[in-house]
2 protein chains.
Amino acid sequence: MESFYATRTDEMLRAHGLSRTQGRIALLKLLASQKAPVSSAFLLRKLGTSWDETTLYRALNTFVTYGILAQFDFGHGHAHYEIAHDKPHHHHAVCESCGHIEDIPAHDSPQLTASALKAARGFKRFTRHSLEFYGLCTKCT
Amino acid sequence: MESFYATRTDEMLRAHGLSRTQGRIALLKLLASQKAPVSSAFLLRKLGTSWDETTLYRALNTFVTYGILAQFDFGHGHAHYEIAHDKPHHHHAVCESCGHIEDIPAHDSPQLTASALKAARGFKRFTRHSLEFYGLCTKCT
DNA sequence: GTAATATTTGCAAGTAACTTGCGTTTATTA
DNA sequence: TAATAAACGCAAGTTACTTGCAAATATTAC
Ligand SMILES: [Mn+2]
Ligand SMILES: [Mn+2]
Ligand SMILES: [Zn+2]
Ligand SMILES: [Zn+2]
């Protein structure tokens, strides 16, 4: 019987008609096991030296395009990625000293977007938003 | 009598003991006249060809370090900058088609940060947050 | 105002994070 | 199982930004 991650990752690829290669499946499994967004350098380290950097970037970009992954920028000079497929909307906390990142379940009231929309003259609706909190984590305080 | 921008920009530099060079003053005046964050390419274009790219980046970095400027990333592959000195906290709306950026006066309740902090296990306080709304502007709809 | 000192600037070279081209391999479809 | 389409791996390229260092400019001390 297949593992939880195996079936889920398989489904992510199948849902968009993407080839289910060994590499892509391993990458999605690794991403699915993370608690917060990770960098391409982290992924490359975990996947092992056999992995090619270009292939990784190409897979990540494809997955972002199809909405399987979400991509974030926390001002570290490189992107972070996390599974978006079937994951509820949420925000992030980022430590400005050690770079530690934590998921925060979304506590948005619909008012948050509504009142922003009222204030934004040139916009009639928003499709998404991103909210990041910065500070020092307990280890770095 | 000096203009509004001239005295304000002068004060920004003076407050941090930074040299008030012609270039820096021109840069801050230009930034002070913008309604939303702008890219380094935009600044370079507006300042004219006489300006050196390295000097611009160095000035921008210095100003960000001292809190005179705030730096943002909207996923365009380059940073955006705006005056932070004496400017109240606010958020941004970004058009995913044309890149148009708009300031949104902050409508945060203190609860926004409070409830995020409660949910973030590894953090005792946040020093700042950034909230961006993405969608299509009225021109692009 | 002028000289001494500290800061900033401009140019050339360098770096990090990606991207592109193209021939080979692997997966999907018939 | 063969034909077709997609993904991979390597080398080379691009972009946004950084660093080193000598020359120019600004600040401070007299
Ligand atoms: Mn997350
Ligand atoms: Mn702004
Ligand atoms: Zn930390
Ligand atoms: Zn637009």
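Throughout, protein chains are lettered first and strands after them, A, B, ... in sequence-line order, and every chain is numbered starting at 1.
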Heavy atoms from C-beta onward define the side chain here; which of D:dA7, D:dA16, D:dT19 lies closest to that of A:R24? D:dA7
Those residues that, when tested against A:T62, pass side chain to side chain contact (heavy atoms under 4.5 Å, CB included) (two or more places apart): A:L18, A:Y66
Looking at D:dC17, D:dC8, D:dT19, which one has an atom nearest to any side-chain atom of B:E53? D:dC17
CG of B:D52 versus C1' of D:dT19: gap in Å, rounded? 13 Å
Report yes if a side-chain nitrogen or oxygen of B:N61 is closer than 4.0 Å to either non-bridging phosphate oxygen (OP1 or OP2) of D:dT18; otherwise report no. yes
Choose from C:dT19, D:dG20, D:dT18 the nucleotide whose nearest atom is closest to any side-chain atom of B:R58. D:dG20
Is the backbone of A:R121 close enough, under 3.5 Å, to the side chain of B:E102 for a donor and an acceptor to pair up by distance? yes
Tell me what B:S40 touches on the nucleic acid: a base, only sugar-phosphate, or nothing, going by heavy atoms under 4.0 Å. sugar-phosphate
Donor-acceptor contact present, side-chain A:T113 to main-chain A:P110, <3.5 Å: no
Figure out the CG/P separation between B:L56 and C:dG10, and round it to whole Å. 11 Å
With sugar-phosphate meaning primed atoms plus P, OP1 and OP2, does B:G23 contact a base, only sugar-phosphate, or nothing at under 4.0 Å between heavy atoms? nothing
Axis-to-axis angle across the helix from C:dG1-D:dC30 to C:dA30-D:dT1, five pairs an end, to 10 degrees? 50°
How would you label the contact of B:A79 with the nucleic acid (heavy atoms, under 4.0 Å): base, sugar-phosphate, or nothing? sugar-phosphate
Report yes or no: do A:L44 and A:L28 belong to one cluster of Ile/Leu/Val/Met/Phe/Trp/Tyr joined by side chain heavy-atom distances under 4.5 Å? yes
N/O donor-acceptor pair under 3.5 Å between B:R24 side chain and B:S19 backbone: yes
A:W51 atom CH2 is separated from C:dT25 atom C1', nearest whole Å, by 15 Å
Report yes if the side chains of B:Q111 and B:K118 come closer than 4.5 Å at any heavy-atom pair, otherwise no. no
Separation of A:Y81 atom OH from C:dA17 atom P, in whole Å? 11 Å
Within this structure, what is the OH-to-C1' distance between A:Y57 and D:dG9, rounded to whole angstrom? 16 Å
Take the protein atom NE2 of B:H76 and the nucleotide atom C1' of D:dT15, then report the distance between them rounded to whole Å. 16 Å
For the residue pair A:F133 and B:H129, categorise the inter-ring angle as parallel (less than 30°), tilted (30 to 60°) or perpendicular (more than 60°). tilted
Modelled atom types, side-chain donor and acceptor of B:H80 and B:D73, under 3.5 Å: no
d(CG, B:D73; C1', D:dA16) in whole Å: 11 Å
B:H90 side chain reached by B:E82 side chain, heavy atoms, under 4.5 Å: yes
Provide a list of protein-nucleic acid N or O atom pairs under 3.5 angstrom, restricted to nucleotides 22-29 of chain D.
residue: D:dT27; atom: OP1; partner: B:R20; partner atom: N; Å: 2.9

